[in-house]
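Numbering of ligands and ligand atoms starts at 1, following listing order. Numbering starts at 1 and runs along the sequence shown.
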Amino acid sequence: MDTYAVFGHPVAHSKSPFIHAAFARQTGQALIYTAIEAPREGFANAVMQFRARGGKGANVTVPFKEEAYRLATAASERARLAQAVNTLRFDGAEIYGDNTDGAGLVRDLTVNLGVPLAGSRILLLGAGGAARGAIPALLAQNPARLTLANRTVQRAADLACEFGALGLVSASGFDTLAPDYDLVINATSASLAGDLPPLPESVLAAAPFAYDMMYGAAETPFLALAGKLGCARRADGLGMLVEQAAEAFLLWRGVRPQTQPVLAALRQQLQHA
Ligand code: ATR
C-alpha cells in the first residue's frame with residue numbers, strides 16, 4: 001500500500017493522519033498515513049529514510065518547512081514564492097515540493113465561509129512564515145489592497161517589497177492602522193503564548209470578518225476580542241488545515257476529497273476534547 005507521513009517536531013498533536021485517513025476512506029484510495037517526529041537536526045535524514053522505504057509523499061510542518069523547500073529537487077511556483085514547502089511528492093529520482101497553505105486559506109475563506117476576496121480590503125497581521133505563505137495566494141484573488149502589519153515593521157516592509165509585483169500590497173506598524181478593512185487575518189504566532197497582536201481596537205470593531213489561522217477547543221484570544229468588539233463574523237484556522245490537506249491529497253492521488261464532513265468531524269473532536 002502507498003505510504004505517506006507528516007514530519008514535524010513536535011508532531012504527536014498533528015491532525016493530518018486523521019484527515020488523510022478520512023480522505024482515503026471517502027475517495028476509496030488505499031494508503032497508509034502516519035506521523036513521524038524528526039529530530040531538529042535530522043529532518044532531511046528522516047525524509048530520505050522514509051523515501052527509501054517506499055514512501056510516496058509527505059507533509060511537512062513546523063519547524064521544517066523551509067528546510068523541506070531546500071530538500072526539494074523541483075518546486076511549484078507557489079512553493080518558490082513561499083520559499084517553504086508543506087507537501088513533498090516522491091517521483092522516481094525527483095523530490096517535488098509544493099506549498100498548499102495559501103491555497104487552503106483562500107479556499108476556506110471563499111468556498112467554506114463565503115468571504116469575497118476580490119475587491120476587498122484585507123489586513124494581514126504578521127510577517128513570519130505563516131504570513132509569507134498566504135500573501136501570494138491572497139494577492140492572486142485581486143483584493144482592492146492588502147496591508148501587512150507587523151510588530152517589527154521592517155519584516156512587513158521586506159515582504160511588501162518582495163511581493164509588490166503580484167498586486168497592491170503595503171506594510172504598516174500596528175499603531176497607525178486605520179479602521180477600514182473588510183477582513184482581518186491573524187497570521188502572527190501571538191496566540192501560542194496566549195497573547196494578542198497589538199492592533200487598535202477600532203480596526204477589529206469596524207471589520208465585518210476576522211480570521212485566525214490558529215485554532216483550538218476554545219475561541220482563540222484574537223477571535224474572542226474581535227467578538228467582544230462587535231466583529232460579526234469570525235472563523236479559526238481549522239478549515240484552512242483541512243483545505244491545505246485536501247490540496248496535498250489532490251497532488252498525490254489526483255482526486256479532490258470533500259472537506260466538509262472531515263471538517264465537521266474534526267470540529268466535533270475539538271469540542272469534546
Ligand atoms: P510563523 O512561521 O508561525 O509565522 P515566525 O516566522 O516566527 O512564525 O513569525 C511569527 C510572527 O508572529 C511574526 O510576525 C511575529 O512578529 P515579529 O516579526 O515582530 O517578531 C509575530 N508575533 C509573535 N508574537 C507576537 C506578539 N506577542 N505580538 C505581535 N506579534 C507577534
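Electrostatic pairing of Asp91 and Lys56 does not count as a salt bridge here, judged by no charged N lying under 4.0 Å from a carboxylate O. Using a 4.0 Å cut-off between charged side-chain N and carboxylate O, Asp236 and Arg267 make a salt bridge. Of the charged side-chain nitrogens involved, none lies within less than 4.0 Å of a carboxylate oxygen, so that Arg132 and Glu66 do not count as a salt-bridged pair. Checked for salt-bridge contact, Arg151 and Asp175 miss the test: no charged N lies under 4.0 Å from a carboxylate O.
Of all atoms in ligand 1, numbered sequentially from 1 with element shown, those under 4.0 Å from a heavy atom of Asp195 are 27 (N). Using a 4.0 Å cut-off to heavy atoms of Gly126, the atoms of ligand 1 that qualify are 14 (O). Those atoms of ligand 1 with a heavy atom of Ala127 less than 4.0 angstrom away are 14 (O).
Looking only at protein heavy atoms, the nearest one to atom 10 (C) of ligand 1 is Ser189 OG, 3.3 Å. Regarding atom 21 (C) of ligand 1, its nearest protein heavy-atom neighbour is Thr188 CB, 3.7 Å.
In this structure, a donor-acceptor pair under 3.5 Å is present between the side chains of Asn59 and Tyr33.
Screening Leu109, Leu123, Leu124 for a side chain to side chain contact (heavy atoms under 4.5 Å, CB included) with Leu183, the sole residue that qualifies is Leu109.
The protein reaches atom 27 (N) of ligand 1 closely, with a heavy atom under 4.0 angstrom from it.
Considering backbone and side-chain atoms together, Ala131 places no N or O closer than 3.5 Å to any N or O of ligand 1. At under 3.5 Å, not a single nitrogen or oxygen of Phe174, backbone or side chain, sits near a nitrogen or oxygen of ligand 1. In terms of N/O distances under 3.5 Å, ligand 1 is approached by Thr152. For the pair Ala130 and ligand 1, the shortest N or O to N or O distance falls below 3.5 Å.
Aromatic ring centres of Phe43 and Phe64: separated by under 6.0 Å.
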